[in-house]
Undergrad: 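This is the structure I want to talk about, given as structure tokens.
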Amino acid sequence: MDFDQYVLACVLSRALEEIDAGEATATEATGLSQVELRDILSHSFPAPTIHVFRLEEVSDPEPGPEEELLRGLLLAHARAGDSASVRFAKIIARRTLRHDHLWRELGLFDRVELSRLLASHFPTLAAGNTQNMRWKKYFYRKLCEAEGFSLCTAPSCQQCEELESCFPEDGESRFACRASRRRP
């Protein structure tokens, strides 16, 4: 199994957990359309696997504005002409909206695997993370910089137990950290 297939297996495993718990459909969990999921499942996994995702019962996902911004950021740095990078952009954008660390939300073993995935499919974006920031923090920082802001946190930062270690900087970062905790 190559690395992309491994990552897809991890993501699909997380999706199955959410499907079984009644938290999401396969398309909601992955951000992929029925057609994209069928294609992945039929080309990369055993035939009986497709039925457990109940694709006949789901509709295609409707990305919200924040997810569209994340997709746009990723796609701007995707490998040109690579359909796998486009699919990973959709998956990563959708999973970034979840509350846990992104590597966990993707079902990966650790942050190193996420870094490898990003370096492979979004090389210029990954190369820009020279301070080894956590990936959600880095994505939202890039989005905020594009809008002319110097700092902001991912929406899930306020619930994170590791908020202090993610924002150890002084000044504006400390302010963002405190502001993040006060949000309702």
Undergrad: Salt bridge or not between Glu17 and Arg14? Use side-chain N to carboxylate O under 4.0 Å.
TA: yes
Undergrad: Not counting sequence neighbours, list each pair that qualifies as a salt bridge (charged side-chain N to carboxylate O under 4.0 Å, His left out) and has a residue in residues 28-38.
TA: Glu36-Lys90
Undergrad: For residues His121 and Ala84, report the shortest heavy-atom separation together with the two atoms involved.
TA: CE1-CB, 3.7 Å
Undergrad: If you round to the nearest 0.5 Å, how far is CD of Glu113 from OG of Ser115?
TA: 10.0 Å
Undergrad: Take Phe3 and Arg116 through the test side chain to side chain contact (heavy atoms under 4.5 Å, CB included) and record every step on the way to the result.
TA: CA-CA 9 Å; Phe3 185 69; Arg116 178 179 172 189; 3.3 Å; yes
Undergrad: Using modelled atom types only, decide if a donor and an acceptor are shared between the side chain of Asp60 and the backbone of Gln34 within a distance under 3.5 Å.
TA: yes
Undergrad: Provide the closest heavy-atom pair for Ser85 versus Ala78 in the form atom of the first, atom of the second, distance.
TA: CB-CB, 3.9 Å
Undergrad: Any sub-3.5 Å donor-acceptor pair from Lys136's side-chain atoms to Arg98's backbone N or O?
TA: yes
Undergrad: Going through the distances and angles, do Leu55 and Thr25 end up as a side chain to side chain contact (heavy atoms under 4.5 Å, CB included)?
TA: CA-CA 8 Å; Leu55 294 178; Thr25 65; over 6 Å; no
Undergrad: Is a side-chain donor or acceptor of Asp39 paired with a backbone partner of Ser42 at a separation under 3.5 angstrom?
TA: no
Undergrad: Between Phe109 and Trp103, what is the shortest heavy-atom contact and its length?
TA: O-CZ3, 3.1 Å
Undergrad: Can you list, by chain and residue number, the hydrophobic cluster partners of Val86 when the side-chain cut-off is 4.5 Å?
TA: Leu75
Undergrad: Between SG of Cys10 and CD1 of Ile91, what distance do you get to the nearest 0.5 Å?
TA: 11.0 Å
Undergrad: Distance check, rounded to the nearest 0.5 Å: Glu66 atom CD versus Leu143 atom CG?
TA: 8.5 Å
Undergrad: State which residue, out of Arg95, Arg94, His99, fulfils the side-chain hydrogen bond (donor to acceptor under 3.5 Å, both in side chains) condition with Glu105.
TA: Arg95
Undergrad: Tell me, please, which residues at least two apart from Asp4 pass salt bridge (Lys or Arg N to Asp or Glu O under 4.0 Å).
TA: none
Undergrad: Pick from Leu8, Leu74, Leu106, Leu32: which one makes a side chain to side chain contact (heavy atoms under 4.5 Å, CB included) with Phe88?
TA: Leu8
Undergrad: Could you check whether atom CD of Glu56 has more than 12 heavy atoms from other residues, nucleotides or ligands sitting under 6.0 Å from it?
TA: yes
Undergrad: Would Leu70 and Ile92 count as a side chain to side chain contact (heavy atoms under 4.5 Å, CB included) here? Give the steps.
TA: CA-CA 8 Å; Leu70 289 162; Ile92 292 167; over 6 Å; no
Undergrad: Please check: side-chain N/O of Glu67 versus main-chain N/O of Ala93, any donor-acceptor pairing under 3.5 Å?
TA: no
Undergrad: Looking only at atom types and distance, does a side-chain atom of Glu68 sit under 3.5 Å from a main-chain N or O of Gly64, one as donor and one as acceptor?
TA: no
Undergrad: Which of parallel (below 30°), tilted (30 to 60°) and perpendicular (above 60°) describes Phe139 and Trp135?
TA: tilted
Undergrad: Roughly how far, to the nearest 0.5 Å, is CD1 of Ile40 from CD of Gln5?
TA: 10.5 Å
Undergrad: Tell me whether Arg79 contacts the main-chain N or O of Ser120 through its side chain, where contact means a donor paired with an acceptor under 3.5 Å.
TA: yes
Undergrad: Is there a donor-acceptor pair closer than 3.5 Å between any side-chain N or O of Thr27 and the backbone N or O of Ser59?
TA: yes
Undergrad: Is a side-chain donor-acceptor pair under 3.5 Å present for Gln131 with Tyr138?
TA: no
Undergrad: Step by step, work out the side chain to side chain contact (heavy atoms under 4.5 Å, CB included) result for Phe53 and Leu41.
TA: CA-CA 10 Å; Phe53 288 93; Leu41 292 167; 3.6 Å; yes
Undergrad: Determine whether the side chains of Glu145 and Tyr140 contain a donor N or O and an acceptor N or O closer than 3.5 Å.
TA: no
Undergrad: When you compare the side chains of Asn129 and Arg141, does any donor N or O come within less than 3.5 Å of an acceptor on the partner?
TA: no
